[in-house]
Amino acid sequence: MSSTQALLAPSLPSQLINLLAAVMLLIAFAMLAQRRVLTLINLFAVQGLILTASTLLVAWTTSQPHLYWSALITLVLKVLVLPLILHRLIRKLNVKWDVETLIKIPTTMIVGIVLVILSFNLALPISALSGTVARGTLGIAIAIVLLAFLMMITRSKAVPQVIGFLAMENGLFFAATSATYGMPMVVELGIALDVLIGMVILGVFFFQIRERFDSLDIRHLEKLKED
Amino acid sequence: MTTLSGIVLQFFELLLAVLVAPLLTGWVNVCRAWMQNRSAPPVLTPYRVLLKLFTKEPVLAYNASSLFRITPYILFGCMCLAAAIVPTLNINLPINAAADAIALVGVFALARVFMALAAMDIGTAFGTLGARREMMIGFLAEPALLIVLFTSSLISNTTSLSSIVGQMARMDLVIYPSLAFAGVAYTMVSLAENARIPVDNPATHLELTMIHEAMLLEYSGRHLALMEWAASLKLFTYSCMGIALFVPFGISDGDSWAGVLVALTALAFKLALGGSLLALIETMSAKMRIFRAPEFLGTAFILAVLAMLIHLLLETP
Amino acid sequence: MEIFLVLGSPLLGGVLLALWGHRARAAELNVAMSCITFLAAALLTWRVIANGPMITADAQFAVDALNVFLVALTAFVAMTTAIFSRPYMRIEAAHGRLTDGRLRLYHAMYQLFTFTMLLVLLTNNLGILWVATEAATLTTVLLVSLYRTPASLEAAWKYFILCGVGIAQALFGTILLYFAAERVLGAGGDALLWTRLSAVSGSLEPTVISIAFVFLLVGYGTKVGLVPLHNWLPDAHAEGPTPVSAVLSGLLLNVALYALVRCKVLVDGSLQSPFAGNLLMGFGLLSVVVAAFFLSRQRDIKRLFAYSSIEHMGLITFAFGMGGPIASFAGLLHMTVHSLTKSAIFFAVGHATQKAGTQIIDEIQGLMKVNPTVGWGLLLGSLAILGMPPFGVFASEFLILTDAMRHQPWATPILLISLAVAFAAVISKVQPMVFGHPRTDTPLKRLPFTPAQIPLYVHLSIVLMLGLYIPPPLAEWYRQAARLIG
Amino acid sequence: MPNVTPLQNILVVVMLWLAVGLAGLAFPRNLRIVTKLLFPIGAAGALALAVSGYSAVTGAVDTLILPLGLPDLPFHLRLDALSGFFLMLLGAVGTGVSVYAAGYLRAGEASAPGVQCFFFQVFLASMALVTIANDAYAFMVFWETMALSSYFLVVSDHEQPDIRRAAFLYLLMAHVGAVAILLCFGVLQGGTGDYTFDSMRGVEHTPFWGTVAFALALAGFGGKAGIVPLHVWLPEAHPAAPSPASALLSAVMLKIAVYGFLRIMFDLLDTSVWWWGVVVLALGLITALYGVIFSAVQSDMKRLLAWSSIENIGFIFAGLGLAITFRAYGMGALAALALTAALYHSLNHGFFKSLLFLATGSVLHATSERSLGKLGGLIHRMPWVAWLALVGTLGIAGVPPLNGFVSEWMLLQAFLFTPGLPHPYLNMFIPVATAVAVLAAALAGYVMVKFYGVVFLGRPREEKLIEAHDAGAWEKIGLAWLAAGCVLLGLMPVAVVELIGNITRLLVGQSLGNPSNWLYLAPINAERSSYSPLLLLTVVALVALATWMLVRYFFHGRIRRGPAWDCGFPAQTSRMQDTAEGFGQPVRVVFEPFFRMQRELPLPSDQSPRYRVTVDDHFWYWIYLPLARATEFLSRMASKLQQGRISIYLLYSFLTLIALLFFVR
């Protein structure tokens, strides 16, 4: 009885997680469509927040204590530290911040839809194996990764590209929590450390690039090529 | 094979060739004069010329090297060897095993190379010109000549001249169409090789047309005599070879001196005929431009190849 | 405990040099720490050869024939490169291209980079392996942009973004791997231990594993420099300081490939099909072909050899993809000779470019006259890397090609033609640099310190020896490692 | 020395050479040690090698495995009659060249003498090792070492751009050839994975794979030997090297390529198809003709000789082609004849070509001129070199009684047997093709007259030639050694043919000759054909001598010197002699379609008339340039992939990922 009920109507936490996943996907699309970089940073922070919430939810339903730590790391890093760093960077670098995309946004959206379909298809056999509460979300995680990838391709300035990179990291994290209840702690710490150092290095880079090129437009960075 | 009489016969033949060669040259000159309605020089003129030259003191250019001086002897030696190899009277010649038809062509090539080198030795414009033209005629004539010889050797399955001639002489009278073609080709090659009209003119000293004479320009005295004599020997050898390959009848086989005598008579007759034929050809045709020579010899080559193909097609069982 | 010495000494070196990396004797300290690392690695190698594979520290570290061989190689090349970088970086500083602060950064990062590579090799945890690989990228990013020129910044940016994105895919692959492993081994840290995974690889879910491998391949393949994921590589190699190019080409690519091979073993165990091998062969072949055609259009000498690295990585990937005792043996041998030769070439190139004051091929001429030892080193190194006997690269290429003739005959002509094209391209570039008269219009620079010749010729001598004679212990070692790869 | 096998002897010599080479590296700039000590030691080694090679030709097969090389494929070595023959060639020629080099090297010319010595010795050693290699890996290692060391010899005078270009071309072609050879071995192992020659001998091949192996071997070894159209590197590279190296390249290394081809076609490859031989024969004849006509129009003496090497290689391959066809039809005796001719010609070419290259070296040192247009009259200043070179010239011109004629004679004999082939077209076409061989042989005479006449005869074309000096003692000894070889090979054909019989017995199971008669060479039987150079020479010499004595006796021996006559032409200068270009003119006219010619003719109104003619090789424009352009095009296409945009790069990664994911699904 209960098993059939579980099949027909998923438990409440599971529904909630699915909802959060859907919101994350929505944010991913929003980021893809967003032209303003400040909004982009805020969207990224919101995505981090939802990620934290879903991680907490998974931790609570499955009572996996180490996931609380994961949630904490996410909260600190992706909701607080990184958006802050990005905001400060923007203020310090003080450049006009309209995002120019290389491909028109409607086109990007259509490609994004195709990617989502692909991701869901890809995730189908994997989700079937998963015993976790959030198994349906794996497809969304893959979609978020691919959409972030797409965003990196279409952006011509350095900061949005980096945000795309970080959004990809979010997608990965989401996949880790939803499909496997999180990676082993030591690994997660290592990943967090890498992301943090990466951001620091990026900050250094932004200053160096601006110093040299007077702009963060990465179209200046097209000198090294074959001719 | 190498019996005493064989060796004696060999010497006799060689001596005969050396002594008779200028006579043949003289005879051709006489015939030609007749055909051209000129009064002929005595048939022994070449001997007189040789004698005159031998007694004269040779004048050597200042920068003539010893190569220049030994060339007449080497040339003469080569021609004697060639004359000795070609069966004229008898086919059982001891020296025959030393060189076959291919080697004979090689001996001629040796003579030619030395002559050309000697011509270049002094460093005059005409000498090098002659050498270059002579070598050109050489590389054009040699393939045709060898193909002619190959046709004969395919018929008789041997490249040894004695064996070829022996087989030809012994054969019943079978008509070999291939030999007809080969004969024409051979005649053309012989004309070129012996510096006759239409390829070269032995009587000219007109600078732009001469080939053979240009090479001899710097020679004088006994050296010139030897060169001239060698040229006569070459003509004689070529004539004898032609006779041996295409009309060998009458040549003696074995050690009998009677047979040799018959052969000698036959040879004298054939040479006289051949000489007048040569004179006829020379009278009938005109000297052609030097770069027509490839066409002329090319024709000879094609004829020789045709001869070979005809042999392979029609005459092989 | 050697493991901790191997890992500890570069870590300690990194810390020390971060503090004193700008002092007068920093380069010596760098050499000394690298020597200690190498000695420790040698000790570790000896232990493993004597006692067989070992697993320590709660199974977090595992050393077997495969990685101990790479540990020894990495530590060795790191040591010789440190020796090379001593005069090289001093000359750079004397030519005014570097400040003290950057020198400190260089020294510290050099040691940390060594540390991360050794960690990749020694760790048994696939998650840590990922972390360390990413860290290796991070440590070298700042080295690539050390000169702060526009070009070097651009190169570093591309390096960072492309490798970062690439490696993120590898993380996804690792997550999927963990997902599959968890179902067999249960949740927890053990599920990412390679030794545990390989023991149960037969029962891992094939669908998941094959998707995981795709992500892993794209991820680590980016770091290996497989075409079409290679685009960061020539830029990063060309614009960084030459010692960094040497270790990037000679070591980092190997290490990334090592990660890929470890994953491939698991995938093979799970799928029981040549799926992973075919993918590797495909990418390997594509890399060889494309890189070969790229070579002939290069004008920068370091870029030229960067493409050559792509080509050779492609060849090694092909060999591992083909699999089997001979091909794997050959792949390992090729890893060894390639990293020795390529770093030797970069040593020679480094001094040559310092002398000429440029990296443009057309502007460097007549090295034989300017500096015969460097000239000979460059020429012999180039001939060696192109697979001319009697150098060792030929030995491995011979094995790869002959084995390919047996198992993948269709691929052999493609490989051979590409190798011939590469040969023509590289020789046509290197020969005018080495021979002829030095250019008169660009004045040669004075080198205030004696160039490091010993590392160059030591490498070449080892490569020469490997072409003529592979010592039986080494061969046995390769065989064991090849057996692990399968 | 008890129980030292020839194989061990050879290894000792190789070690000696390597030691000498290393010693040269130790004293790179010490000319005295290098020339007066090291090269003579190397020469002694070469002599020992020749002796070992000789004993190997007559002795038994010997094998050895060295603990070097790959772990699963250590160096296998094997010495049989075929290897022995080529070792003999290498040793004998190497002796002469080494002795010559002892007197040739100068300080300040090209690279340091010690470095040259090193590569010279390594080159010798690698060639020796190639002939005794008995597995694919050892063979390839030695083969490429040979290419590499000779590359360094070619490029030793690297300050000239032409030489660098030549060396690059050489190395590239050598490498491409090596690739073909490697593929050939891959086919030959036939899926066994065993790359020892012993295993390859046991593998049976289908006609298809046999043909593939044949084609690859022909491309690989033919390319190294200079078979048209793979010959383009040869006339560039051989002249570029210092003369002793040119001599080794032309005289020996090309023969090592012939060795490789023989080894594969007659030993490793078990099948044979008749038309393989026809292909080889056709290529050989084309090569011979092409080589000789290009040789005739050269105006650089070393290039002339290099093209002449192509011609001679053509003859050798023609012989091999005949042998392959005869063998395929089971006509063992005739195959032996053709093979003997080819091997004999290899030996001959080894001697006369090295002799001539060394002679050009002496000329070069005496005059610092390579251009034929600026030489002349050297027979007066350099009598030794001139007279010794005459021997080589006559040898290569193929006139009796010297060595070149013997092999050509045998080759023509072999051609004459082709009507016996049981194939309706072959037995007609091949005899006709003989004409090509004869034409090439006759042209060789032309070329050699040009070479010798322009360099040594006539009047000096430049003032400075007056000061030319004859070669030194070492050089003379080296030249004399090689000239003696030419003479002996020319006069003693029976002994040589008997020696070669050991090899033909090994390769085609039969041998030639009637050992009872030492005087006459009669390959099939005495009735059919025979040749005795000794007798021939005796007759000519006797007649010449007798004539000389008789003329002196009957007339007089007086002689007078005077100015040249030249039809009474006044004011002759040395510039009025034929130039090298002029001497080549008949060939240029007759064979015009073969050349890609560009003429610049002056007009009658020109104030300063210029006449210029350049002769190029069609194959450059037909094959090599299009190939280079195609490669160039492909790389241009490839470089479009990389335009510097990071977005595009990310797109590549993205698409790769997506494509792979699709693929997995």
Side-chain angles (χ1 to χ4, degrees), chain A residues 64 66 122-123 125-126 128-132 138 141-142 145 148-149 152-153 158 161-162 164-165 168-169 171-173 175-177 179-195 197-198 200-202 204-205 208-209 211-213 218 220-227, chain C residues 60 125-128 130-135 137-139 141-142 145 148-158 160-161 164-165 167-169 171-172 174-176 178-183 187-192 205 207-208 211-212 215 231 234-236 238-239 294 297-300 303:
Chain A
Q64 299 260 350
H66 78 267
L122 207 61
I126 304 177
L129 298 169
S130 174
T132 60
L138 191 66
I142 296 179
V145 170
F149 211 145
M152 290 187 75
I153 293 171
Q161 216 166 39
V162 169
F165 182 49
M168 189 183 282
E169 206 91 72
L172 292 176
F173 215 86
T177 48
T180 66
Y181 299 147
M183 301 287 275
M185 202 56 216
V186 54
V187 179
E188 247 170 71
L189 280 175
I191 294 169
L193 188 67
D194 275 348
V195 171
I197 296 173
V200 172
I201 290 175
L202 268 176
V204 175
F205 251 140
Q208 289 178 2
I209 289 176
E211 191 183 319
R212 285 284 163 200
F213 299 99
I218 53 171
H220 293 292
L221 300 178
E222 290 175 5
K223 298 285 182 300
L224 293 176
K225 60 178 182 179
E226 302 306 319
D227 41 18
Chain C
Q60 286 302 316
N125 188 322
L126 288 176
I128 299 296
W130 182 88
V131 171
T133 317
E134 172 76 0
T137 313
L138 296 176
T139 48
V141 158
L142 289 180
S145 68
R148 305 284 157 83
T149 57
S152 71
L153 278 176
E154 181 184 342
W157 174 257
K158 285 177 180 166
F160 182 81
I161 291 292
V165 170
I167 212 85
Q169 314 305 317
L171 178 58
F172 199 89
T174 311
I175 291 169
L176 286 175
Y178 179 63
F179 171 73
E182 203 189 28
R183 292 174 48 76
D190 280 6
L192 273 178
E205 175 55 44
T207 331
V208 183
I211 295 176
F215 280 98
N231 297 285
D235 299 348
E239 299 307 328
F294 264 122
R297 295 183 67 82
Q298 300 310 313
R299 288 184 301 174
D300 181 313
R303 248 180 124 74

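In what follows, chains carry the letters A, B, and so on, assigned in the order in which the sequence lines appear, proteins first and then strands, with residues in each chain numbered from 1.
Both the backbone and the side chain of C:A155 come within contact range of chain A, each with at least one heavy atom under 4.5 Å from a heavy atom of that chain. Neither the backbone nor the side chain of C:L126 comes within less than 4.5 Å of any heavy atom in chain A. In this structure, the portion of C:I211 lying under 4.5 Å from any heavy atom of chain A is its side chain and not its backbone. C:L153 touches chain A through backbone and side chain together, each having a heavy atom under 4.5 Å away. Using a 4.5 Å cut-off between heavy atoms, C:A238 does not touch chain A at all. In this structure, no portion of A:L189 lies under 4.5 Å from any heavy atom of chain C. For A:I142, the parts lying near chain C are the backbone and the side chain together; criterion is any non-hydrogen pair under 4.5 Å.
Under the side chain to side chain contact (heavy atoms under 4.5 Å, CB included) criterion, A:A175 pairs with A:L138, A:A141, C:F172, not counting sequence neighbours.
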C:W157 vs A:Q161, test: side-chain contact (heavy atoms from CB on, under 4.5 Å). Steps then yes/no. CA-CA 11 Å; C:W157 174 257; A:Q161 216 166 39; 3.7 Å; yes
What verdict does the side-chain contact (heavy atoms from CB on, under 4.5 Å) test give for A:I201 and C:L142, after you've listed the backbone C-alpha separation in whole Å, the side-chain angles of each residue and the deciding distance to 0.1 Å? CA-CA 8 Å; A:I201 290 175; C:L142 289 180; 4.1 Å; yes
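A:V145 has its side chain within reach of C:Q169: a pair of non-hydrogen atoms, C-beta onward, lies under 4.5 Å apart. Side-chain contact between A:E169 and C:L171 is present, with at least one heavy-atom pair separated by less than 4.5 Å.
The greatest number of non-hydrogen atom pairs below 4.5 Å with chain A, out of C:A151, C:P150, C:S145, is found for C:P150. Counting heavy-atom pairs under 4.5 Å between each of A:L122, A:V162, A:I191 and chain C puts A:I191 at the top.
Shortest non-hydrogen contact noted between C:A156 and A:F205 is CB-CZ, 3.1 Å. The minimum heavy-atom distance between A:F165 and C:V165, with the atom names listed, is CE1-N, 3.6 Å.
From C:R148, atom CZ reaches atom CD1 of A:I209 across 11.5 Å, with rounding to the nearest 0.5 Å. If you take CD1 on C:I161 and CG on A:L202, they are separated by 6.0 Å, rounding to the nearest 0.5 Å.
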